[in-house]
Amino acid sequence: MENVKKVLYSAVQPTNNLTIGNYIGAISNWKQLQDDYDCFFAIANMHAITVRQNPAELRQRTLSLLALYIACGIDPEKCVLYLQSHVSAHAELCWVLNTFTYVGEMERMTQFKDKSARHTENINMGLMDYPVLMAADILLYQADCVPVGLDQRQHIEIARDIAQRFNNIYSPTFKVPEALYMKTGAKINDLQNPEKKMSKSAENPNGSVFLSDDRDAVIRKFKRAVTDSDNLIKYDPETKPGVSNLLSIYSVFSKKSISETESEFEGKGYGDLKLAVGELVADKLAPIQSEQARLLSDKTYLDEVLKRGAYLANKAAGRTVGKVYKKIGFYQL
Ligand code: TYM
């Protein structure tokens, strides 16, 4: 029977500790989308090595991220959960797409510029090639839609450009993917510096709430969140970035709209808001953390999930690489 569901693709790098930004902007949405799409969710360990990693930690974080996906409600029977390095087609397609990507385009990427500034000792080719590998990820699975946070906008745009460029030179080969950003929470900001994105690698750990933080740490970080001095709880990211960020986080975790959230806190002070967000986030993280720990103790199960994922992902990705090789004139036996 012809497959009628659209294809959805996304990935997270198994680097550092994941933050509630990763959860809100990406993983929490996947759960809601998994019934409506054919989903592929990868653990992007090939992207991770563009910044130097400790091998034992990288291995550990890989399983930990897989356990997190499942603990967040992503069903490994419904979705293909796999490790990027288990599918050699990613590297193969990346190589081909490199020849359809201009150096100037890569030099202009904001993330490349940021990361090169932060890792001056290791501005490697992989760091620059990062968006092409990401394009290969998405295009291999003929994805219709890619749910990500707003920080990935430029990378999705370039993936679309590369796909269109290839399709125009040869004939339609790749589905041109659309990004999917959530209305609320596509950019969660740092609690200490609310004009900046909350990041896994932030210098000040009080600005990021990690998914592994315990209840006390979560509540303490929210209590210390930077707001402003007018004590008015209103959503206005331009003039009130700190308060708006807290309202967004509360709204996503409570599944209430921003205006319902504003009404809930009408007449209350910033202290009330900070405590309420902190407690809510801690309440929501606790069951995820304990389920993640339970899953991590069952390595046999996690390996089975990865094996199934690798099999299905290789099958889908192999079809696309085969097509591409044929079109570009690679002699086939
Ligand atoms: P990564 O690992 O940096 O982040 C994973 C996801 O979390 C989102 N995100 C945020 N969303 C809202 N607010 C924030 N503060 C925040 N911080 C991070 C990111 O947008 C992302 O969706 N390059 C990707 C991984 C990747 C990928 C792919 C994604 C590799 N191949 C193919 C989609 C499709 C990355 O580094 O994500």
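The first residue in the sequence is number 1, and the count goes up from there. Both counts, for ligands and for their atoms, begin at 1 and track the order of listing. No hydrogens, no waters, no symmetry mates; every other heavy atom, side chains included, goes into these values.
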Worksheet, complete the sentence: The protein residues that pass the under-4.0 Å heavy-atom test against ligand 1 are Y9, S10, A11, V12, Q13, G21, N22, G25, A26, A44, H47, Y130, M134, D137, I138, V146, V148, G149, D151, Q152, G185, A186, K187, I188, K197, M198, K200
Worksheet item: Do we see a donor-acceptor contact under 3.5 Å between the side chains of T300 and D303?
Response: no
Worksheet item: Angle class for the Y170/F100 ring planes (parallel below 30°, perpendicular above 60°, tilted otherwise)?
Response: perpendicular
Worksheet item: What class does the angle between the rings of Y141 and Y82 fall in, given that below 30° is parallel, 30 to 60° is tilted and above 60° is perpendicular?
Response: tilted
Worksheet item: So, are E105 and R165 salt-bridged, with charged N and O less than 4.0 Å apart?
Response: yes
Discussion item. Determine whether the aromatic ring centres of residues F166 and F174 are separated by less than 6.0 angstrom.
Written reply: yes
Worksheet item: Are the ring centres of Y23 and F253 closer than 6.0 Å?
Response: yes
